[in-house]
Asker: 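I'd like to ask you about the structure that follows.
Note on naming: letters A, B, ... go to the chains in the order of the sequence lines (proteins, then strands), and numbering restarts at 1 for each one. Not measured: the values here are computed from a predicted model.
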Amino acid sequence: MNLAVNTPLALAGLLLALLPLFNNGIRTSPAPWTALIPADTLSVVIVGCLRLCAVAAIAGLVLGIAGLHRTEQSRERIGHGAHIVLLLDRSSSMDNTFAGRTANGSDESKATAARRLLTDFVKQRQTDLIGVAEYSTSPLFVMPLTENKNAVQAAIAATATPALGFTHVSKGLGMAISFFEQQPVTGSRIVLLVSDGAAAIDHDSEQKLRLWFKQQQVRLYWIFLRTANSPGIFDQPEDSRDDNAGAMPERYLHKFFLGLGSPYQAYEAESPDALQQAIADINQLENLPMHYVERVPKQDLSAVCYSVAAFLLLVLLGAKFCEVKR
Amino acid sequence: MTETLFYRLPWQSSSVYPGAHPGQMIGAGQLFKRHEPLIASPDPRRIDLRASVLDPFSGYRVRVYQQQSSVNVYLLADMSASMGYADKQQTLIRFLLTAANSAFGYGDKFGFIGCTDRIEHRWLLPAGQHLGRVSALAKQLEHLSFTGNANGLQNAAAFLPAERSLVFLLSDCHFPLPQLRAILGSLQGHDVIPLVLWNQYEYAALPNWGLISFQDMENNATRTLFMRPALRQKIMTAYRQRQHDLKNTFRAFGSEPLFITEGYSTQTINRHLQQRAA
């Protein structure tokens, strides 16, 4: 309970709350000798309560004016889950269907399917910290690791905008891994790469990625949305002349990931159902206990103050109507 | 103001002046008192031959008669703030005029002692027979708003004459009983007729339900009450108990109080005075 106010100067008005202690606000009738009136405990209690009501009502109004609020707080929690960075491919081919055509009413595009299934995925993973990064020509920073699921949903929904040109996977991975910097190592750390294609990674980037994957202890899941009749991850080249990174980037990227030394799992999804299966697998696998800090945002309490004061004022108004004047 | 208080004395006035009440003086009267030697009472018209013949010393015996004497009537009034409640002030003024009229009608002298927290000279009227001064005082009282307490009553005896007088004590007795005992103790030498002025409105006409805040007229302390039938009953019981205590206290000092609660009427006071003389 860390309470704070917006305008501390207004708290000077709390002095006014002492007024009811000096004057109970009830019109007095003259009496010749009050000592003759027998002591009455109930009256004393009721008058005391009314005084307290008045004090509290004034205090409530003043606190409301001062803008009482509870400051942002963090709460330590232990749950099952993971730190997940969704790394989404934003290349223009994602806007095509799994059949390789432009999306129309009957077939949804790969991006739409991914969006829909990832949204469900996020919904199921309530205790995870999830971040979102995208890449196409260059990496796009979308949403840092957060427990705010609404923000993540919104970030995923934002991929509905038309996609960009190329596929620059190494920079995207670099950015995804950078999300884990300055995060405590609890639970598992996952980069969920959703893409429909791959690109060759140059030597320098390879070195860096190897290092980073080791440093940050990141597990990698690659969901490859394979378009019909395009080369897959696990395809062997028919001609040995095609066996190079330029001709079969998917195969070579897969090889590179296998050689990273960190846990890696690849899924090849050729339809929305297969994609769903892949996501369900990940959902089952990654449920390690983790320790994380939940942040509770600042809470404005002035409305509560005003409503309490209004209620007390109603009580006092009722008492005023009960008043007898002689 | 034609009403008259018919007060009679159950004791003999020591006043020298002739008046309307039984006195200790002998003189022109109707009631035979005793025989005296002619030398002590040289009035040959009153020689009692039978008594003179029977006198072993052969002296002349003269019949002497009790003289009707006057008496000093005082109104000792409580002028504390509580006496300003409701119609108590009007009652005080009305009683002042009635008592003065009656006293003058009997040929007695009438004096007034008004007491607040002390005794002020402007509220003192020495015993006399001037109706004008009484009316002037009543007029002054009409425009006065009473303040303070009734502590002055304890010193009132100092302003009363040494001989026994008839003292009307007009007060609401809203002060502690020890104070009342002190007052009555200091007035032992006089014939005190206590008139306790209460107003039904202050205790019987309370509402059954509601919040009511009373402010004491004398010390300004406030008491807020949550009225309900049980509390109303309690207050009325407290007033009845108070009345009982006051009666006991007054009786301990040999005077029967008259509680005036349902409006002032001279008839009520007259009835009380007649019961007293009987």
Side-chain angles (χ1 to χ4, degrees), chain A residues 13-62 307-326, chain B residues 78 80-86 88-89 145-146 149-150 171-177 179 196-203 205-228 230-243 245-246:
Chain A
L14 280 179
L15 280 179
L16 293 175
L18 296 178
L19 283 180
L21 299 182
F22 300 106
N23 181 0
N24 65 5
I26 301 177
R27 283 169 297 176
T28 56
S29 321
W33 202 31
T34 47
L36 258 184
I37 299 169
D40 185 43
T41 324
L42 183 62
S43 297
V44 173
V45 170
I46 287 180
V47 170
C49 287
L50 285 180
R51 269 178 207 270
L52 277 184
C53 279
V55 169
I58 296 178
L61 288 176
V62 170
S307 46
V308 167
F311 172 73
L312 293 176
L313 285 176
L314 270 183
V315 170
L316 291 175
L317 189 67
K320 199 74 186 160
F321 280 126
C322 293
E323 201 176 289
V324 184
K325 171 73 181 157
R326 302 218 301 153
Chain B
D78 175 358
S80 61
S82 60
M83 283 293 282
Y85 187 78
K88 285 183 190 177
Q89 192 167 349
S145 63
F146 292 170
N149 51 32
S171 169
D172 52 8
C173 289
H174 285 331
F175 41 77
L177 285 178
Q179 194 180 336
V196 182
L197 208 52
W198 277 6
N199 195 308
Q200 267 202 321
Y201 194 59
E202 65 185 79
Y203 60 94
L206 290 171
N208 265 334
W209 293 98
L211 273 176
I212 188 161
S213 185
F214 286 118
Q215 183 167 35
D216 196 294
M217 297 175 88
E218 291 183 16
N219 59 18
N220 284 336
T222 50
R223 282 278 302 277
T224 307
L225 297 177
F226 172 63
M227 287 303 299
R228 53 199 187 279
L231 180 60
R232 182 169 179 267
Q233 204 57 45
K234 250 166 93 180
I235 291 174
M236 285 173 70
T237 314
Y239 267 86
R240 261 203 297 279
Q241 181 60 38
R242 171 78 182 169
Q243 190 168 2
D245 292 347
L246 284 176

Asker: Working to the nearest 0.5 angstrom, can you tell me the gap between A:I37 CD1 and B:K234 NZ?
Answerer: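 If we round to the nearest 0.5 Å, A:I37:CD1 and B:K234:NZ are 11.5 Å apart.
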Asker: Evaluate the ring planes of B:Y239 and B:Y203, with Trp represented by its six-membered ring, and classify them as parallel (under 30°), tilted (30 to 60°) or perpendicular (over 60°).
Answerer: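 Taking B:Y203 first and then B:Y239, their aromatic rings lie parallel (interplane angle under 30°).
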Asker: Supply the atom-to-atom distance B:Q215 CD to A:I26 CD1, rounded to the nearest 0.5 angstrom.
Answerer: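 If I round to the nearest 0.5 Å, the distance is 12.5 Å.
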Asker: Check the pair A:W33, B:R242 against side-chain contact (heavy atoms from CB on, under 4.5 Å), reporting the backbone distance first and the verdict last.
Answerer: CA-CA 12 Å; A:W33 202 31; B:R242 171 78 182 169; 3.7 Å; yes
Asker: With a 4.5 angstrom heavy-atom cut-off, which part of B:A86 approaches chain A: side chain, backbone, both or neither?
Answerer: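 When you check distances to chain A, no heavy atom of B:A86 falls under 4.5 Å.
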Asker: When rounded to the nearest 0.5 angstrom, what is the spacing between OG in A:S29 and CZ in B:R223?
Answerer: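 So the gap between those two atoms works out to 13.5 Å.
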Asker: Give the intermediate values and the outcome of side-chain contact (heavy atoms from CB on, under 4.5 Å) for residues B:L211 and A:L50.
Answerer: CA-CA 11 Å; B:L211 273 176; A:L50 285 180; 3.6 Å; yes
Asker: Identify which part of A:I46 has an atom lying under 4.5 Å from any heavy atom of chain B, answering side chain, backbone, both or neither.
Answerer: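 Contact with chain B involves the side chain of A:I46 alone.
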Asker: Answer yes when B:R228 and A:D40 have at least one side-chain N-carboxylate O distance shorter than 4.0 Å, and no when they do not.
Answerer: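 A salt bridge is present here (some side-chain N lies under 4.0 Å from a carboxylate O).
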Asker: Is B:I235 close to chain A through its backbone or its side chain, or both, or neither, when contacts mean heavy atoms under 4.5 Å?
Answerer: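 Contact with chain A: backbone and side chain both.
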Asker: Looking at chain A, which one of B:S82, B:A238, B:S213 has the largest number of heavy-atom pairs inside 4.5 Å, strictly under?
Answerer: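 Between B:S82, B:A238, B:S213, the count favours B:S213.
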Asker: Who wins among A:V45, A:L36, A:V47 for the most heavy-atom pairs under 4.5 Å with chain B?
Answerer: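 Ranked by heavy-atom pairs under 4.5 Å with chain B, first place is A:L36.
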Asker: Is it the side chain or the backbone of B:Y201 that comes within 4.5 Å of chain A heavy atoms, both, or neither?
Answerer: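 Both backbone and side chain.
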Asker: Go through it in stages, so that I can follow the logic: the residues are B:F146 and B:K88, the test is side-chain contact (heavy atoms from CB on, under 4.5 Å), and I'd like the CA-CA distance, side-chain angles, deciding distance and then a yes or no.
Answerer: CA-CA 11 Å; B:F146 292 170; B:K88 285 183 190 177; over 6 Å; no
Asker: Which residues, numbered in order, of residues 309-320 of chain A come under 4.5 angstrom of chain B by heavy-atom distance?
Answerer: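 Contacts with chain B: A:A319.
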Asker: Check each atom of B:F214 against the heavy atoms of chain A and say whether the ones under 4.5 Å are side chain, backbone, both or neither.
Answerer: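 Both backbone and side chain.
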Asker: B:M83 and B:D78: which non-hydrogen atoms are nearest, and at how many Å?
Answerer: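 The answer is CG-O, 3.1 Å.
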Asker: So which part of B:T224 gets closer than 4.5 Å to some heavy atom of chain A, the side chain, the backbone, both or neither?
Answerer: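 Contact with chain A is through both the backbone and side chain of B:T224.
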Asker: Taking B:L231, B:N199, B:N220, B:N219 one by one, which has the highest count of heavy-atom pairs under 4.5 Å against chain A?
Answerer: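 Highest number of heavy-atom pairs under 4.5 Å: B:L231.
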Asker: Just so I understand: if I count every heavy-atom pair under 4.5 Å between each of A:V44, A:T34, A:L42 and chain B, which residue has the most?
Answerer: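 Of the options given, most contacts go to A:T34.
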Asker: If every non-hydrogen atom of A:P32 is compared with every non-hydrogen atom of B:D216, which pair is closest and at what distance?
Answerer: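 Closest heavy-atom pair between A:P32 and B:D216: O-OD1, 3.8 Å.
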Asker: Could you pull out the closest heavy-atom pair between B:A150 and B:F175, with the gap in Å?
Answerer: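 Looks like CB-CD2, 3.9 Å.
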